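Below: one structure, written as structure tokens.
A quick note: this is a predicted structure, and the numbers were derived from the prediction, not measured. Numbers for residues simply follow the sequence, beginning at 1. Computation of the quantities below employed the complete heavy-atom set of this structure, encompassing side-chain atoms and omitting hydrogens, waters and symmetry-equivalent molecules. Ligands are counted one by one from 1 in listed order, and the atoms in each one are counted from 1 as well.
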Amino acid sequence: MIPYGRQSITDEDIAAIVDVLKSDFLTQGPAIPAFEKAVAARVEAKYSTAVNSATSALHLALSALDVGQGDMVWTSPNTFVASANCAIYCGANVDFVDIDSETFNMSPIALEKKLEAAAASNSLPKVIIPVHMCGQSPDMKEINTLAQRYDIKIVEDASHAIGAEFNNQPVGSCQFSDITVFSFHPVKIITTGEGGLATTNDPNLAQKMQRRRSHGITRDPALMENESHGPWYYEQIELGWNYRMTDIQAALGLSQLSRLDEFLYKRREIFSRYDAALSHLPLKRPKQNSQSAWHLYVIQLDNNIRHERRRVFEYLRDKGIGVQTHYIPVHLQPFYQKMGFSYGHCPIAENVYQRSISLPMHPYLPQADQDYVIQTLTSALHD
Ligand SMILES: *Cc1c(COP(=O)(O)O)cnc(C)c1O
């Protein structure tokens with residue numbers, strides 16, 4: 001099966017991991033701050049906190065923004081469940097803002113309307129989590145303008161988008177947000193096996209995230225409530241979790257980061273090849289601007305043919321092509337349906353879901369495999 005996404009691991013990656021294995025620290029060592037510093041420099045953010053997954057980073061981000069019981073968080077329905085679950089972890093409620101049918105990103109128009117209604121009914125969200133679907137930034141400038149109007153914080157879920165830009169600034173620079181989160185799962189742009197990272201320019205938020213990824217413990221005397229008992233002394237001053245990344249992961253991340261531009265270049269090449277080869281087929285090709293990280297290639301099939309997506313999906317899978325669908329709208333998951341969400345809540349995301357297929361897309365997808373995907377999809381649509 002040709003996978004829809006997969007990591008690229010070189011001998012340099014392996015050597016970097018072996019170096020850590022032979023060193024004094026497998027975790028809580030020097031590779032973590034080295035990786036954090038490199039990511040912060042690359043995305044032009046002041047602070048960065050590496051953790052064991054983007055899911056943990058999203059949880060820490062909301063925790064640092066004091067999201068709790070009774071608060072409301074809004075995100076996109078066309079995302080992985082973690083973008084919404086992080087609010088539930090904090091005891092908050094979730095709602096979904098429908099997407100733009102061209103970009104699959106949170107629609108600023110839908111957001112504006114929903115904010116006006118929420119302001120009238122006194123149910124404004126505390127935080128909005130726009131998602132960088134397929135590696136392309138949402139209109140963060142517009143989303144930020146709307147959020148500021150109502151004093152709402154923003155966490156960008158840029159799990160798909162390290163290396164992308166918006167408004168000629170790197171995604172992660174938090175130009176239009178409080179915190180940005182990246183994922184380093186193997187199907188994402190760079191990998192640490194499992195891993196994630198949160199960037200911010202706010203020292204206060206950074207400090208909270210750093211502390212809460214490790215139990216809420218501090219060794220900083222300035223933050224302690226009691227007098228030190230001696231050199232071994234530390235204090236837990238609040239509740240945190242064990243969301244730490246290991247040095248093994250951080251070393252892999254640092255090595256992968258050095259190839260980020262190569263990964264983006266290769267992804268863009270595949271994107272262009274698909275685009276040219278599929279232009280004559282009865283399907284809608286994805287729209288990505290030149291600043292995307294090219295994470296996914298999502299085609300949309302004709303809306304009017306019943307079961308067409310399922311037929312084509314099964315055809316491709318039967319021929320050994322590991323297509324996927326991004327995403328089942330989160331509000332239609334049983335867990336969220338039990339909270340009262342149902343079909344019709346986000347009609348555009350629901351429609352996009354019914355028509356979408358993600359084709360294999362990863363930097364070293366061999367050209368022969370790309371051609372096979374193109375040929376097979378062509379026969380699927382002409383049969
Ligand atoms: C992958 C992904 C996550 C979760 O990332 P993990 O690192 O696996 O926790 C969250 N949001 C989006 C949009 C993702 O694609």
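- Annotation: side chain to side chain donor-acceptor pair (under 3.5 Å) contacts involving residues 15-40, sequence neighbours excluded, comprise Glu36-Arg213.
- Near ligand 1, Ser53, Ala54, Thr55, Thr79, Phe80, Ala82, Ser83, Val131, Asp157, Ser159, His160, Ser183, Lys188, Gly195, Tyr327 each place a heavy atom less than 4.0 angstrom from the ligand.
- His345 and Asp95 are linked by a side-chain donor-acceptor pair at a separation below 3.5 angstrom, with hydrogens and angles left out of the test.
- Here Ile179 is tied into one hydrophobic group with Val51, Leu58, Leu60, Leu62, Leu65, Val67, Val73, Val127, Ile129, Val155, Val181, Leu205, Met209, Trp241, Tyr243, each link being a pair of ILVMFWY side chains closer than 4.5 Å.
- For Ser358 (side chain) and Leu296 (main-chain N/O), no donor-acceptor pair under 3.5 Å exists by modelled atom type.
- Listed by first and then second residue, the ring pair (Phe, Tyr, Trp, His ring centres under 6.0 Å) pairs involving residues 92-138 are Phe96-His331, Phe96-Tyr336, Phe96-Phe341 (not counting sequence neighbours).
- For the side chain to side chain donor-acceptor pair (under 3.5 Å) test with Glu314, the passing option among Arg310, Arg311, Arg317 is Arg310; the others fail.
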